[in-house]
Structures are given as structure tokens and as C-alpha cells.
Amino acid sequence: MTSMSRARVARRIAAGAAYGGGGIGLAGAATVGLLLAEVRMARRHVGNGTNNHVPSADGRYGRLYDTPGGTALRLTLLGDSTAAGQGVHRAGQTPGALLASGLAAVAERPVVLRNVALPGACSDDLDRQVALVLADPSAPPDICVIMVGANDVTHRMPPTRSVRHLSAAVRRLRTAGAEVVVGTCPDLGTIEPVQQPLRWLARRASRQLAAAQTIGVVEQGGRTVSLGDLLGPEFEANPRELFGPDHYHPSAEGYATAAMAVLPTVCAALGLWPAEEERPDATRREGFLPVARAAAEAASEAGTEVTAAMPTGPKGPWALLKRRRRRRLETAEPSPAGPAGVHEAP
């Protein structure tokens, strides 16, 4: 599917989500039904001997930066098993811990992490998760990171419904004063046991949903980062290293790769990124585009950020497409020793 075709489909899905339209097929109901069966078989095949335990990484990071009278940044993760960190055994290997330690290092402030993500969750669970996050109106998070979408595809949730729930969650969090960054639907075509032609169909369905998610999120004032096939080359070259023990969820290295892509956008949303990085760089093919086209391009290239730009244009709302430099993150635990290091990626 071309970028322009994906943009048209994403626009239709986002419009259906906004105006209460019916379900628009991602790649056809029969196709997604086959995909669901294949993924379930894959899970049974690779899940032997694993459990659903997710290490808790909640806590205070970057205590080295504690100062009298100073306040910590509040970071909250929402979403599914990818946001929760299922598949690793140490708290410091989860994406929440990696982001918290990296954010503390960049901001030179302590960061308090809270994770309310639920393994197995679809986008319709975000309403419950947001209610938990906003239960104490006196302490809203400074920034929320949402990773969701894969289960929506495999559970055949209509994409309009999926985007509607995500958009509503972003709207509530933004209204409460939190910045929001969404890691869009990952590429299910990278799941190792899924065979062709379902790999291609899974990739198509994932990218369609990711593009529609981007439109919905940006229209509510959030930012997105495409997870897409971010890990695809690594999965193919080092599947035993990048997949976790169940070969379905990422390993510690896989989560570090994903967190490395999200961290710059988290920092930018909080005004912590260098000013020169905020200007579009033509050499990296960055620039202003109609939001649907930006969403389609981002879905095709993992690690790409989309954020709202000019309110409108001849083709509707516009967005800024960014390809930020990535940082390599080390694993870390919340401790008085401070956060893990943040290094320039080669």
C-alpha cells in the first residue's frame, strides 16, 4: 500500500472515530480473523514455560538530582504489555524504568514513575487506566506515555473504535495538564512464528491502525512516535536476542531500542530538547505535511515523530514530521545512585 493510499484509509478511520462511524476494516474481517488465529497459534507455540509476571518499576529515579525544595517530574505509562514491560525479569529493563532514568538524566531532575499499563489490554481499557491516573487531581502527571494497539488488531476491534478510545484518553490527559506521547501500534509482521502471507497482512493492518492513531492523537494535542517495524531488522538478524523468552514480547535489548526512540519526543514535549532540534531538518526529510500524510509516512518508518503544527491548511490540519536523533539507554533501577547514562547512538 502506498503512502497516499494509507493516508486516505487513515483519514477515513480517524473521521469514523471522531463522528461515530462504524467499523472500517483494517485489511478485511476474514484477513484479520486469519491473523488472529495465526497469532494465537504463535503464542501457544512460543509461550511454553513463561508466565505473565511483570516486574514493578514504580519509584523515584535520579535521586542524585534531589535538591531542597525541588520537585520531581511525574512520568506515567499506560497501555498494554509493551508499556508494562512484559517479557523481562528486572524492573530496570522495562520501558518505564528506561524512560524515567533517561528523562532524569536529560532534565537533571528526579523523576517519579508510575505504570498503570495492563498486559493484554486493548484501547478500550484506557478509560479505566486514565481514571486511575487522574484519581488525585492535585498531582497530575507531567507527561504520559501510551503504548497500545497490537491487541486491538489481534482481537479484531474495529479501528474506528480503537482510535476513538485512544483519542478520548489523550484528550482527558491533555485537559488535566499532562503532555502525552503515544507509541503507535507496533508491526505485528515481526512476530517470529507468523508466516507469510500473514506476515504481510499483519504489517498492513498494523500500519493502517498506527496511521489512524497518529491522526487522532495529534488532533487532541498529543505527539506520536512510530514503533512500527523499529525492531524488524534486529528481529531478523538477532531474533533470540531481541525477542524475550516467549519470542512474542521484546527482550531487555528490544525494550531499550523502543525506549531509545521514544525518549527524545518525551524530552521535546517537556521543552528539554535543544532548540535547534525543534526546527525541521531537510537533510533528514523532516517538514510540515497534512496530518494524514505525515501519519502515513510515520507508519512506514519507525522512530518517526508527528506533532501538531499549523491549525489548518488547504488539506486540513497540518503536522510536523520529525526524525530525531536517538539515544542509547542503559538499564537502571530506582536508587540513590541516580539514573542510567544516556549516550548518543552511533
Side-chain angles (χ1 to χ4, degrees), residues 3 6-7 10-11 14 17-18 73 75-79 99 102-103 106-107 141-149 163 166-185 207 209-228 230 258-313 315-327:
S3 177
R6 189 176 296 113
R11 256 197 313 266
L73 289 169
L75 166 66
T76 300
L77 264 71
L78 307 88
L99 288 171
L103 177 58
V106 173
D142 294 291
I143 187 157
C144 295
V145 174
I146 303 174
M147 297 180 183
V148 75
V163 173
L166 176 59
S167 299
V170 174
R171 181 170 59 251
R172 290 174 64 192
L173 293 169
R174 293 289 291 132
T175 299
E179 297 291 340
V180 180
V181 174
V182 174
T184 55
C185 182
R207 288 184 176 183
L209 179 57
Q213 286 178 319
T214 293
I215 295 174
V217 169
V218 169
E219 288 180 346
Q220 298 302 326
R223 303 182 185 219
T224 63
V225 178
S226 170
L227 297 183
L230 180 68
M260 177 179 69
V262 174
L263 177 63
T265 301
V266 167
C267 294
L270 292 170
L272 300 172
W273 221 234
E276 59 270 19
E277 282 283 322
E278 297 309 298
R279 294 189 291 270
D281 185 342
T283 65
R284 296 206 295 258
R285 295 177 293 114
E286 299 177 346
F288 297 97
L289 296 169
V291 65
R293 184 177 165 195
E297 290 202 13
S300 300
E301 183 174 347
T304 305
E305 174 192 317
V306 179
T307 187
M310 294 169 279
T312 189
K315 296 184 180 180
W318 283 60
L320 174 61
L321 188 78
K322 293 282 294 178
R323 296 174 172 88
R324 297 185 184 276
R325 294 189 181 94
R326 301 172 186 169
R327 266 53 175 177

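- Proximity of E179 to V266: side-chain heavy atoms (C-beta onward) are nowhere separated by under 4.5 Å.
- Each of L103, L263, V262 was compared with V145 under the side-chain contact (heavy atoms from CB on, under 4.5 Å) criterion, and only V262 meets it.
- For the pair T307 and R223, the tightest heavy-atom approach, listed with the atom from each and the gap, is OG1-CG, 3.4 Å.
- Within the 4.5 Å cutoff, no side-chain heavy atoms of C185 are placed close to those of L227.
- Contact record, V306 with A294: CG2-O, 3.9 Å, taken as the closest heavy-atom pair.
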Exercise. Passes side-chain contact (heavy atoms from CB on, under 4.5 Å), V163 versus L209? Steps please.
Worked result: CA-CA 8 Å; V163 173; L209 179 57; 4.1 Å; yes
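- Here the side chains of V291 and R293 are not in contact, with every heavy-atom distance at 4.5 Å or above.
- The closest side-chain heavy-atom distance from S167 to E219 is not below 4.5 Å.
- Scanning both residues, G79 and V148, for their nearest heavy atoms gives CA-CB, 4.4 Å.
- Contact record, C267 with W273: CB-CE3, 3.3 Å, taken as the closest heavy-atom pair.
- Residues L78 and C144 come closest through the heavy atom pair CD1-CB, 3.8 Å.
- Between R323 and L321, the shortest heavy-atom distance links the atoms NH1-CD2, 3.6 Å.
- Of the possible donor and acceptor atoms, none in the side chain of K322 sits under 3.5 Å from a partner among the backbone N and O of G287.
- Distance CZ/R207 to CD/E301: 10.0 Å, rounded to 0.5 Å.
- To the nearest 0.5 Å, the span separating CD on E297 from CD on E286 amounts to 12.0 Å.
- Screening T224, T184, L173 for a side-chain contact (heavy atoms from CB on, under 4.5 Å) involving I146 leaves a single residue, L173.
- Remark: the backbone N or O of V170 is not paired with any side-chain donor or acceptor of Q220 at under 3.5 angstrom.
- Here the straight-line distance linking atom CD of Q213 with atom CG of L166 works out to 5.5 Å at 0.5 Å rounding.
- The closest donor-acceptor contact from the side chain of R172 to the backbone of A176 lies at 3.5 Å or more, if one exists at all.
- Looking only at distances, a side-chain donor or acceptor of S226 sits under 3.5 Å from a matching main-chain atom of A298.
- At a threshold of 4.5 Å between non-hydrogen side-chain atoms, the residues V181 and V225 count as touching.
- Counting heavy atoms from C-beta outward, L75 and L99 have side chains that approach closer than 4.5 Å.
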